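Step one of this worksheet: look at the structure below.
What you are looking at is a predicted structure, and each value in this text was computed from that prediction instead of being measured. Whatever order the structure lists ligands and atoms in, that order sets their numbers, starting from 1. Just so it is clear, the values below take in all heavy atoms, side chains as well, and ignore hydrogens, waters and symmetry mates.
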Amino acid sequence: MVVKTHLKRTVRILLLGDGGVGKTSLILSLVSEEFPENVPSKAEEITIPADVTPEQVPTNIVDFSSAEQSDMELNEQIRRASVVCIVYAVDDDDSIDRISSYWMPLIRQNYPDSQCPVVLVGNKIDLVEYSTIDGIYEIMEEFSEIETCIECSAKTLKNISEMFYYAQKAVLHPTSPIYSVERAD
Ligand code: GTP
């Protein structure tokens with residue numbers, strides 16, 4: 001009989017998404033529990049020790065800035081990630097369109113033989129009175145590696161810790177198969 005044991009490893013969460021959607025603000029809001037009025041273009045890599053994460057697994061959170069980093073670095077970071085959070089701004093339709101036209105194809109290119117779990121994160125919910133989730137479900141149907149989606153606000157801190165918990169969960173308890181034999185791209 002083969003018994004599978006759950007191996008604890010470091011979870012590496014990479015935040016991607018168009019410029020200005022709030023990636024750096026989300027990371028700084030999580031760490032300082034307040035909204036940063038002045039944001040640098042990129043947050044330093046952050047390590048959260050196992051004992052303060054809900055899943056008890058050491059977690060690194062990695063920001064990406066197209067202003068500071070090259071495409072080569074972007075591809076390298078995607079390949080090192082255990083999960084990618086694609087951040088969009090709920091008040092910016094272009095940032096939503098680019099999930100399927102740019103970010104998901106880019107992630108897939110870097111995982112030709114496997115899948116990298118993805119969480120879609122709709123930031124800036126404080127700015128609108130509506131939800132973007134219905135449109136997001138359509139994107140989730142197109143890409144099976146998208147584990148879940150969440151709307152949040154770095155400004156009001158709504159759903160910030162939940163967002164990082166969902167990302168951890170997508171790695172530790174994925175619902176989609178890691179290897180896909182059906183993908184034809
Ligand atoms: P790049 O470095 O260009 O990739 O941007 P980024 O995705 O890291 O966004 P950043 O955190 O720099 O935020 C861009 C702007 O959006 C800043 O002016 C933030 O103050 C603002 N912002 C970020 N999150 C929120 C939010 O939840 N609500 C509101 N109202 N503004 C936000």
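- The distance criterion of under 3.5 Å between nitrogen or oxygen atoms is met by Ser41 with respect to ligand 1.
- In terms of polar-atom proximity, Val39 is not counted as a contact of ligand 1, lacking any N or O under 3.5 Å from an N or O of the ligand.
- Here the side chains of Cys149 and Tyr137 are in contact, with some heavy-atom distance below 4.5 Å.
- For atom 6 (P) of ligand 1, the nearest protein heavy atom is under 4.0 Å away.
- The two residues Ala81 and Cys116 come nearest to each other via the heavy atoms O-SG, 4.3 Å.
- Side-chain atoms of Tyr88 never come within 3.5 Å of backbone atoms of Val121 as a donor-acceptor pair (strictly under, hydrogens ignored).
- Contact record, Asn123 with Val21: ND2-O, 3.0 Å, taken as the closest heavy-atom pair.
- From the protein, the heavy atom lying nearest to atom 16 (O) of ligand 1 is Lys124 NZ, 3.1 Å.
- In terms of polar-atom proximity, Gly22 is counted as a contact of ligand 1, with an N or O under 3.5 Å from an N or O of the ligand.
- Counting only distance, with no hydrogens or angles, the side chain of Thr132 and the backbone of Tyr130 share no donor-acceptor pair below 3.5 Å.
- Scanning the protein heavy atoms around atom 4 (O) of ligand 1, the nearest turns out to be Lys23 NZ, 2.8 Å.
- Taking every non-hydrogen atom of Thr24 and a distance limit under 4.0 Å, the qualifying atoms of ligand 1 come out as 8 (O), 11 (O).
- Of the inter-residue distances, the one linking Ser25 atom OG with Asn38 atom CG reads 10.5 Å to the nearest 0.5 angstrom.
- Less than 4.0 angstrom separates some heavy atom of Lys155 from each of these atoms of ligand 1: 26 (C), 27 (O), 28 (N), 29 (C), 30 (N).
- For the side-chain contact (heavy atoms from CB on, under 4.5 Å) with Asp91, the lone residue among Leu127, Asp126, Ile125 that qualifies is Leu127.
- Of all the listed residues (Gly17, Gly122, Ala67, Ser25), Ser25 holds the heavy atom that lies closest to atom 13 (O) of ligand 1.
- Surrounding CZ of Phe64 are more than 12 heavy atoms belonging to other residues, nucleotides or ligands, all under 6.0 Å away.
- Considering backbone and side-chain atoms alike, Gly20 places an N or O below 3.5 Å from some N or O of ligand 1.
- Listed by number with element, the atoms of ligand 1 under 4.0 angstrom from any heavy atom of Leu127 are 30 (N).
- Screening Arg80, Lys23, Glu45, Lys42 for a side-chain contact (heavy atoms from CB on, under 4.5 Å) involving Val62 leaves a single residue, Glu45.
- Atoms of ligand 1 found under 4.0 Å from any heavy atom of Val21 (numbered from 1 in listed order, with element): 7 (O), 9 (O).
- Nearest protein heavy-atom neighbour of atom 27 (O) of ligand 1: Ala154 N, 2.9 Å.
- Ion pairing between Lys169 and Glu147 fails under the 4.0 Å rule for side-chain N and carboxylate O.
- Within the 4.0 Å heavy-atom criterion, the part of Asn123 lying near ligand 1 is the side chain and not the backbone.
- Of the protein's non-hydrogen atoms, Phe35 CZ, 3.3 Å is the one closest to atom 20 (O) of ligand 1.
- Of all atoms in ligand 1, listed by their number and element, those nearer than 4.0 Å to a heavy atom of Asp126 are 26 (C), 27 (O), 28 (N), 29 (C), 30 (N).
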